[in-house]
Amino acid sequence: MDGRVRVALVSGATGAIGKAIARQIAAQPGTEVILACRNEEKARQAIREIVEAPGNRRVRYELVDVSRKASVYGLAARCRGPLHVLVNNAAVTPRRRQETPEGVELQFATNVLGYFWMIQAFTEHLRQSAPSRVVNVASYWAGDLDLTDLEFRRRRYDNNEAYRQSKQADRMLTVAFAQRLKPYSISINACHPGDVNSHLSNNLGFGGHQTPDEGARTPAWLALEPIGQEQTGKYFEQMREIRCPFAADRNLMNGLYEACLRF
Ligand SMILES: NC(=O)c1ccc[n+]([C@@H]2O[C@H](COP(=O)([O-])OP(=O)(O)OC[C@H]3O[C@@H](n4cnc5c(N)ncnc54)[C@H](OP(=O)(O)O)[C@@H]3O)[C@@H](O)[C@H]2O)c1
């Protein structure tokens, strides 16, 4: 630590895991945390809870709907200061198929494009603050990505299938971005947080046997510790690197990246 404040932005910081990630980052001296949230009342409440815990009081919020490209780019335009850590965490699992006002299926828009746009929109901030890093909160519950039907227009919508696809996409985009961000000294890694009882997990029919603070440990560790800077394009569970089978499929990865660019 060289005495300068390190700024971290956490999306979905009103949720179970995101709030705990923000609190754990805020507990470190010399950090400022921006909660990127869509609900102002919940954001204010999250700040009250975070500043009650031991740590510093440099916590504020910015409103954003990560499922909408204009909102994400609007946020990036408003945030003019440095950014050392971007934590992509906001996600949804609606039981019925929904679309954004722009007509994009909501899980794909939030869980995949939301991460993609935040990285794209904040690359310049991260580049100017380099060395800097991105943490993508993904999941081990991932798979069956269908590049020909990313928005469940052909397949019958099932929120578990759409979720698993979205989390595979988060892990693949982590690898796709790693090579692109490396020249700017921006590292990017993905992780499974923990199994935590939340709105998101309940919608999928799961509970969760870990506390939010336990679930936040791996993402917060990647956000704060040297490993999150030294490694890039990797996937972690329980603070250990795990070989990610999705990283091997370069064609699918590049196809997904190109598909995201078209939105
Ligand atoms: N819980 C688990 O067991 C588990 C397991 C593996 C991975 N994960 C991952 O962990 C992350 C957090 O999940 P969680 O369990 O903490 O879920 P959660 O409690 O339901 O929180 C989700 C957060 O995302 C926010 N959000 C949703 N859509 C948004 C949008 N369009 N714009 C801005 N914010 C939006 C929500 O805001 P509101 O408060 O306004 O709704 C909330 O803050 C997700 O990426 C999830 O895939 C969770």
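Atoms within each ligand, like the ligands themselves, are counted from 1 in listed order. In this text, all values refer to a predicted model and were calculated from it rather than measured experimentally.
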If we number the atoms of ligand 1 from 1 as shown, the ones under 4.0 Å from a heavy atom of G15 are 19 (O), 21 (O), 42 (C), 43 (O)
Of V64, N88, V72, the residue with the heavy atom nearest atom 33 (C) of ligand 1 is V64
inquiry  = Quick test of your reading of the model: are E49 and K19 salt-bridged, counting only N-O distances below 4.0 Å?
reply    = yes
Kindly check if the number of other-residue, nucleotide or ligand heavy atoms within 6.0 Å of CZ (R240) is above 12? no
To atom 20 (O) of ligand 1, the nearest of N197, L200, L204 on a heavy-atom basis is L200
the protein heavy atom lying closest to atom 34 (N) of ligand 1 turns out to be A90 CB, 3.7 Å
If we number the atoms of ligand 1 from 1 as shown, the ones under 4.0 Å from a heavy atom of T14 are 37 (O), 38 (P), 39 (O), 40 (O), 42 (C), 43 (O)
Short version for K167: what comes under 4.0 Å of ligand 1, heavy atoms counted, is side chain
Check your understanding: If you measure every N/O of V66 against every N/O of ligand 1, is any gap under 3.5 Å?
Key -> yes
Is the closest side-chain donor-acceptor distance between R171 and Q168 under 3.5 Å?
no
Practice prompt. Please indicate whether any nitrogen or oxygen in C37 is less than 3.5 Å from any nitrogen or oxygen in ligand 1.
Written response: no
D195 heavy atoms within 4.0 Å reach ligand 1 at atoms 3 (O)
Per-atom filter on ligand 1: closer than 4.0 angstrom to a heavy atom of A16 are 16 (O), 19 (O)
query = Does F116 have its ring centroid less than 6.0 Å away from the ring centroid of Y257?
reply = yes
One finds that the ligand 1 atoms under 4.0 Å from a non-hydrogen atom of K42 are 38 (P), 39 (O), 40 (O), 41 (O)
* H192, any N or O under 3.5 Å of ligand 1 N or O -> no
Quick note on ligand 1: atoms under 4.0 Å from a heavy atom of S67 include exactly 31 (N)
